[in-house]
Amino acid sequence: MPLSPTAAVKEVQDVSLLAAKAFGSIFRRPHYVRDILIQMELIGVGSLAVVMLTGFFTGAVLTLQTSKTLSTFGAVGYTGALVAVSLVRELGPVLASLMVAGRVGSGIASELGSMLVTEQINAMRALGTDPIKKLVVPRLLATISMLPVITIVADAMGILGGLFTSVFVLNITPNLYLNRAWDSLRYMDLFGGLLKPLVFGATLAIVSCHCGLRTYGGTQGVGRSTTQAVVASSILIIVSDLFLTRIILAYTR
Amino acid sequence: MIEPILEVKDVVKFYEDKAVLNGVSFRVFKGATKIIIGASGSGKSTILKLIMGLDRPDEGTILVDGEDITKLDEQQLAHVRKKIGMVFQESALFDSLTVRENVGFRLYEEGVDEEEIDRKVREVLGFVGLEDAIDKWPSELSGGMKRRVALARALITEPQIMLYDEPTAGLDPITSRKINELIIALRDIKSVTGVFVTHRMRDAFTLATEYATNGDHEIKFRTEDNFLCIANTRFLLLRDGKIIFEGPDEVLRKSEDEYIKRFLA
Ligand SMILES: Nc1ncnc2c1ncn2[C@@H]1O[C@H](COP(=O)(O)OP(=O)(O)OP(=O)(O)O)[C@@H](O)[C@H]1O
Ligand SMILES: [Mg+2]
């Protein structure tokens with residue numbers, strides 16, 4: 001992590017520069033369609049199991065907590081509504097992004113980091129290929145496109161987890177739970193819930209690529225970069241969530 | 001007058017606060033080979049990286065084919081790099097790609113069709129004697145095989161200039177010999193300009209004393225004698241970021257300088 005203020009400023013500057021270069025070269029040839037598809041599969045399929053599990057159990061435990069609070073108001077029947085809204089607006093996007101940051105962000109940083117320390121990045125440049133186009137852009141596009149999909153899976157699994165505890169622990173009928181859940185959701189919730197993973201995906205991809213590409217100090221450095229990638233993107237996801245939520249809520253009704 | 005194809009002028013390069021190169025100047029003419037020798041950490045690899053445009057000098061200029069590459073941005077450098085092939089010290093093969101994809105990398109990037117790539121990859125792998133390894137992964141290769149694959153990868157587009165960073169370091173005498181012969185053949189038969197970095201004097205002298213000719217069926221290697229002296233291969237000795245010797249092997253061997261004597265011993 002950056003220690004001095006100047007180092008921190010330089011870090012922010014470097015990340016922004018990488019972001020600008022990456023977004024700037026998305027539409028410039030050559031397009032590495034094959035690399036994008038490979039990364040999409042890696043990110044999508046790779047994260048599915050862990051996101052399904054966390055989604056399910058988070059939904060389940062959220063339902064328990066929510067119903068407990070609601071019972072003091074005699075409104076246990078509204079559990080489905082509260083759970084669905086929290087999941088779709090907040091927990092789905094944030095949890096899915098954090099999980100992907102842990103799994104994919106670390107993978108990106110360690111792969112690019114070891115390519116850097118073994119001179120593969122230099123070799124690529126020497127062979128006339130721009131590593132930003134060949135390595136960063138495919139990872140960026142794949143993360144941006146897969147994270148909303150993964151978020152939908154997390155949302156669905158969360159609602160399913162909630163359904164599970166509602167029925168087996170709280171004795172709410174499945175119909176009541178699902179109807180309340182469905183009725184509570186607005187288009188703006190869905191829109192916000194899918195805008196977030198887009199932003200988080202771009203953030204975590206760029207930050208992880210940056211951490212990998214500025215690795216120093218050999219193999220040990222790769223470990224350090226990997227940790228930094230996960231920590232930095234997780235923090236950025238959570239912090240940017242606050243600002244995004246504020247903006248989205250301002251446009252809701 | 002013949003123009004040099006490669007010219008390094010007063011180059012200074014700092015890493016952190018240390019001047020790794022401190023006023024280095026030399027030129028390489030078309031078809032000639034420059035052998036850069038020097039102790040570990042004397043800045044040999046750094047020179048090659050600067051020539052390739054992978055890093056920028058803090059002072060001085062580097063001309064490739066008359067063009068100052070120190071002022072070019074990454075995109076403009078791409079066309080300069082087309083003229084140059086580089087074999088990295090640790091091979092630097094892409095470990096997520098097979099030998100075929102590694103060697104054919106430049107062609108895949110240019111969108112050449114598969115059949116043509118396959119033909120060229122086989123041809124150049126044949127040149128380095130590794131046809132059988134085409135479908136292997138880099139992790140399945142020995143160090144010497146990696147080095148030869150790296151050589152093949154650099155050679156596939158037949159660049160006019162080749163940069164070799166210790167291509168024989170850590171290899172057995174037979175494999176080293178093979179790599180040296182390939183480099184001599186490139187110099188003498190294809191007139192490829194070369195910069196050869198090493199700290200193994202044996203390999204350096206092989207390059208400076210042997211030459212290749214096209215035999216009936218195969219390339220023949222001979223040693224220079226009273227009738228023929230190889231004039232296009234010269235040494236450059238680097239010490240603490242400065243050039244302390246430049247000239248042919250005959251002069252280098254007779255040098256009275258204490259450091260050079262110790263270096264050759
Ligand atoms: N990226 C870098 N950052 C900091 N210092 C560097 C970097 N690259 C090289 N150096 C330093 O520059 C000096 C010269 O390095 P270089 O790799 O050119 O040496 P070399 O002559 O190729 O040595 P060897 O024979 O061991 O390969 C070394 O002292 C090294 O520590
Ligand atoms: Mg070196």
Side-chain angles (χ1 to χ4, degrees), chain A residues 7 14 17-18 20-22 24-39 41-43 46 107-139 142 212-219 222, chain B residues 15-16 45-46 48-55 69 72-97 101-112 138-139 146 149-157 159 161-166:
Chain A
D14 287 350
L17 198 66
L18 180 65
K21 277 189 194 160
S25 47
I26 286 179
F27 298 106
R28 280 212 316 268
R29 282 159 53 83
H31 302 295
Y32 294 101
V33 179
R34 195 168 155 261
D35 296 83
I36 299 174
L37 293 177
I38 291 174
Q39 289 303 321
E41 185 185 338
L42 230 69
I43 294 168
I108 290 176
S110 66
E111 187 183 7
L112 298 194
S114 36
M115 285 185 79
L116 188 92
V117 299
T118 55
E119 301 248 47
Q120 290 178 56
I121 302 278
N122 269 344
M124 185 174 278
R125 294 169 64 205
L127 292 167
T129 295
D130 182 355
I132 293 186
K133 276 191 209 153
K134 175 89 177 168
L135 300 172
V136 176
V137 170
R139 282 164 179 75
L213 289 177
R214 63 102 211 253
T215 301
Y216 58 93
T219 330
V222 176
Chain B
Y15 276 127
E16 272 112 50
S45 300
T46 307
L48 296 191
K49 277 183 204 151
L50 294 180
I51 294 173
M52 203 46 164
L54 299 174
D55 213 335
I69 63 153
L72 303 182
D73 66 27
E74 194 72 11
Q75 242 170 336
Q76 296 165 317
L77 276 169
H79 87 271
V80 178
R81 289 175 179 152
K82 280 211 171 83
K83 301 175 191 170
I84 314 177
M86 179 163 178
V87 181
F88 284 82
Q89 194 161 357
E90 309 293 342
S91 305
L93 297 181
F94 303 121
D95 26 55
S96 58
L97 303 180
E101 291 163 334
N102 263 286
V103 174
F105 191 85
R106 270 188 161 155
L107 304 180
Y108 283 106
E109 288 295 292
E110 284 165 15
V112 178
S139 56
K146 279 187 191 156
V149 172
L151 189 58
R153 179 175 70 180
L155 285 174
I156 194 150
T157 47
I161 305 172
M162 282 292 292
L163 311 177
Y164 312 97
D165 198 349
E166 307 202 23

Against chain A, label B:Leu163 side chain, backbone, both or neither, depending on which of its atoms sit under 4.5 Å from a heavy atom there. neither
Among B:Glu109, B:Glu90, B:Gln75, residue most engaged with chain A (heavy-atom pairs, under 4.5 Å): B:Glu109
What pair of heavy atoms forms the shortest contact from A:Ala123 to B:Ala92, and how long is it? CB-O, 3.7 Å
Single hit among B:Lys49, B:Gln89, B:Met86 for side chain to side chain contact (heavy atoms under 4.5 Å, CB included) with A:Glu119: B:Lys49
Rounded to the nearest 0.5 angstrom, the CG-CD distance for B:Asp95 and A:Glu111 is 8.5 Å
Any side-chain heavy-atom pair from A:Arg125 and B:Met52 closer than 4.5 angstrom? no
Would you indicate whether A:Glu41, at its atom CD, is surrounded by more than 12 heavy atoms from other residues, nucleotides or ligands within a distance under 6.0 Å? no
How far does CZ of B:Phe105 sit from NZ of A:Lys134, to the nearest 0.5 angstrom? 4.5 Å
Given heavy-atom pairs under 4.5 angstrom as the criterion, report whether the side chain, backbone, both or neither of A:Met115 touches chain B. side chain
Applying a strict 4.5 Å limit to non-hydrogen atoms, the region of A:Asn122 in contact with chain B is both
Is it the case that over 12 heavy atoms from other parts of the model lie below 6.0 angstrom from the OH atom of A:Tyr216? no
Are any of the side-chain heavy atoms of A:Gln120 and B:Phe88 separated by less than 4.5 Å? no
